[in-house]
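Contents: one structure, followed by commentary.
As a basis for the values below, the full set of heavy atoms in this structure was taken, side chains included, without hydrogen atoms, waters or symmetry mates.
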Amino acid sequence: MKKHFFRKCMLLLCPFFGQQLAAQTVTWQPEILKQNQKISFQYQPKGGDLEFSDGPKALAAVYNGNKWTTVPVQLAKKSDIWTGNYQLPDHALLIALKFYQGDLQNPEAVDNQNGKGYYHQVMDTKGKIIPGTYLAEAGLKAGATGDWTLNSFVSPSKDQKMIDSLLQKEEKLSKRIPRSLLFNYLDLKQLIMPAAEFSVMADNLLKGELKNGNLNEQFLAQAQRYYDKLKDKNGSAAVESVILKDYPKSSTARFLSFRKNTQGKYGKDFETGAEDFLKAFPYSDWKKSPDNQGYIYYTIFRNLATQYFDDGQNEKFLGLFKDIDFKTANEIYRWNITRNQMAGKSDQKLLYNDSRIIIPYLLERQKDKSYSGDFDDAEKAQENANNQMDDRLFTHIALANAQGDYAGANQYFKYLSEKGTFGNADLNEMHVNVLEKLNDTKAIKPLLESSVAANAVTPVMFTKLKDLYKSEHGGKEEGYEHYLAGLTPSDKKNEMKVHVMANMVNYPLTPFSLENADGKMVNSKDWADQIVVIDFWATWCRPCIEAFPGMQLLVDQYAKDPKVAVYMIGTMQFGDYKAKSVNYVKSQGFRFNLLHDAISQTGTQDQVFKSLLPLFKQSSIPRKIIVKNGVVRYSSEGYSGSPSQLRDELSTAIEILRAEK
């Protein structure tokens, strides 16, 4: 690809040279393409962006009179020519080709004949051009196919003369635009006509078709949507009445009922409308023959559940879970149970009682494939469902633990996925507590060791593990660190090192002086002989606060090392931010070196943080950096949820920097 890059530079610097080389072509065989025919094409890339490619790929786009479809075509090289073969479908009208190198979604280079495109008309079996062909060509050239991915086959142009010329050819060919092509035709006419004039013309054409009768549901649905697009309420209402009369249980009628009963409605009005919709179009009926309108029921149930929950209609709330799929039930649980459990809102006992009823429904439907429509890969869809189930189980176990139902909590750990079994530090700590309350002491040490292996350990768990170790070694701590290090698999250590190395940077730190919790000034210039970890946080930032136990582990690890320092810089806060920061940290028992970010020229408390935005690229926190010799050498954002993992990440970075000469 170095040759490819060099050649592109030469083309930019020398237009004449580029013109001389611009000879890339496609030759079709036979010259006249016909439907249901096996064809071939020869691609000559010389002069184009793929001239030096050793493996160009081809993608064909075919229009069949109703929609565009794309399919990859294998290429074979002979001399400097690449050849491809393709079987044209029965109803093909137009075929276009695009050549590229690399990944289709993010190609390194593309050849579409400098935007002109490689496309060819397809005749019927008698060699005659087919109605709709010029519409397809106009749509492709104008970028009006309804599929943005096709815009890379030809550079879209809204050239009115070009569009009008092709439409005139279509009008001459078709005599009367077929109903099946009417909406494609209207989309293109709209590009070349004044708005008022177009609205009149479109209304006349649609009315003419409506009068002709023999109207199927698909055409009526398109006509109704088109009147909506034109903001013609009378026309839309007229078509809607025909739909409700002739196709009262159709998917179009269902959508119109959904819109009528729920659009712009809230509270009790939404509740009444949603219940009326479900009576007219029961979910059980839709499940017998599901279509692409699952989102309607997802929306209905989500919002109806919240209305019931907030209004205290608990029986109705729980009744929704009897029939709905996992995806919908999971979202209802997340929004109403998990959200309120995390916020400490609502009656926690009621939340737990509801959760005990809902969780079995979720477990029963966990593998119903309801997330399939959100993922291209079935395994990824199921993995997402498993991750969601892990999160819901976390909520349920937390509620059970808080209510003192330890046996109830303990029975649900077995349903966690392989990844979730030891992967959540907070859940692991709860598991330890549950086992202690149930006097299952034999299971505690294996759980702690497995949690260390998964690098999902809290400070409380480390303390318990150390106590267990000492009790087994006559109260002595000797050898504990070696024992602890041996619990972490080597592959986990290597993964951590790779992760840390990927976040190493080299960015000069603008010197600063900030006030600490005692009102004294701390100057960054005094850190010349130290490796300094800085955590940017705020009292309003939940992930920042959740990361504090991990930061305390780091502080404790290097507490006796004068060459390493850790500072927590509160930033982007409001009001009496100094008191808020100091009081919160003290109240929670953390032992941190606190610093208060300074006020910037804009009046916000973010001067030091803002000076690092060119490095960060965004203003999200939490953000950790490590400084050595006045230079930021490490930078990472976010929080994984594991105190031990955070400690290990930062300590790994510290030791790498310490080992540098």
Side-chain angles (χ1 to χ4, degrees), residues 496-497 499-539 541 543-544 547-548 550-555 557-559 561-573 577-578 581-582 585 590 592-639 646-661:
M496 178 60 74
K497 190 170 183 178
H499 169 76
V500 168
M501 291 303 297
N503 285 284
M504 286 292 186
V505 296
N506 200 321
Y507 189 86
L509 179 72
T510 302
F512 60 80
S513 183
L514 296 178
E515 184 181 335
N516 69 10
D518 298 323
K520 297 179 180 179
M521 301 305 292
V522 175
N523 197 316
S524 64
K525 291 182 179 179
D526 297 333
W527 300 340
D529 297 327
Q530 291 180 308
I531 294 174
V532 179
V533 179
I534 295 175
D535 182 353
F536 289 100
W537 70 286
T539 52
C541 170
C544 299
F548 275 12
M551 293 306 295
Q552 187 64 64
L553 287 174
L554 185 76
V555 169
Q557 180 174 339
Y558 291 99
D561 190 336
K563 294 294 185 180
V564 177
V566 181
Y567 289 94
M568 311 291 289
I569 299 182
T571 188
M572 294 185 282
Q573 301 181 113
Y577 58 86
K578 295 180 182 179
S581 297
V582 174
V585 170
F590 293 111
F592 293 153
N593 289 322
L594 284 179
L595 296 179
H596 306 299
D597 205 346
I599 304 299
S600 65
Q601 293 180 346
T602 59
T604 53
Q605 189 229 353
D606 58 4
Q607 181 174 297
V608 175
F609 184 85
K610 187 175 288 185
S611 71
L612 292 163
L613 282 181
L615 167 64
F616 300 156
K617 301 294 190 297
Q618 57 180 328
S619 59
S620 60
I621 53 176
R623 167 76 66 169
K624 277 74 173 170
I625 63 171
I626 302 180
V627 179
K628 179 182 177 183
N629 297 328
V631 177
V632 179
R633 297 297 313 283
Y634 187 77
S635 175
S636 67
E637 66 173 314
Y639 176 54
L646 175 59
R647 187 271 309 271
D648 288 355
E649 173 194 342
L650 295 174
S651 63
T652 299
I654 289 170
E655 297 309 318
I656 289 173
L657 293 173
R658 195 202 295 271
E660 290 181 340
K661 294 181 179 179

Does the structure place the NZ or CZ of R623 under 6.0 Å from the centre of the six-membered ring of F609, at an angle of no more than 45° from the ring's axis? no
Test log, rule ring pair (Phe, Tyr, Trp, His ring centres under 6.0 Å), inputs W537 and Y567: CA-CA 11 Å; W537 70 286; Y567 289 94; over 10 Å; no
Hey, is CG on N506 packed in by over 12 heavy atoms from elsewhere, all under 6.0 Å? yes
Got more than 12 heavy atoms from elsewhere within 6.0 Å of CD, E660? yes
Do you know which two heavy atoms are closest between Q605 and G570, and how far apart they sit? NE2-O, 2.8 Å
For Y558 and S651, work out which heavy atoms get closest and say how close. OH-CB, 3.4 Å
Is N516 reaching over with its side chain to a backbone N or O of D518, donor-acceptor style, under 3.5 angstrom? yes
Steps toward side chain to side chain contact (heavy atoms under 4.5 Å, CB included) verdict (V564, Q557): CA-CA 10 Å; V564 177; Q557 180 174 339; over 6 Å; no
D606/T571 under side-chain hydrogen bond (donor to acceptor under 3.5 Å, both in side chains): CA gap, chis, key distance, verdict: CA-CA 5 Å; D606 58 4; T571 188; over 6 Å; no
Quick one: which of K624, Q618, K617 gives a side-chain hydrogen bond (donor to acceptor under 3.5 Å, both in side chains) with E637? Q618
Shortest non-hydrogen contact from Q607 toward D597: N-OD1, 3.4 Å
Check D535 against P622 and note the closest heavy-atom contact, atom names and distance. OD1-CB, 4.3 Å
Mind checking whether F592 and F548 have parallel, tilted or perpendicular rings, split at 30° and 60°? perpendicular
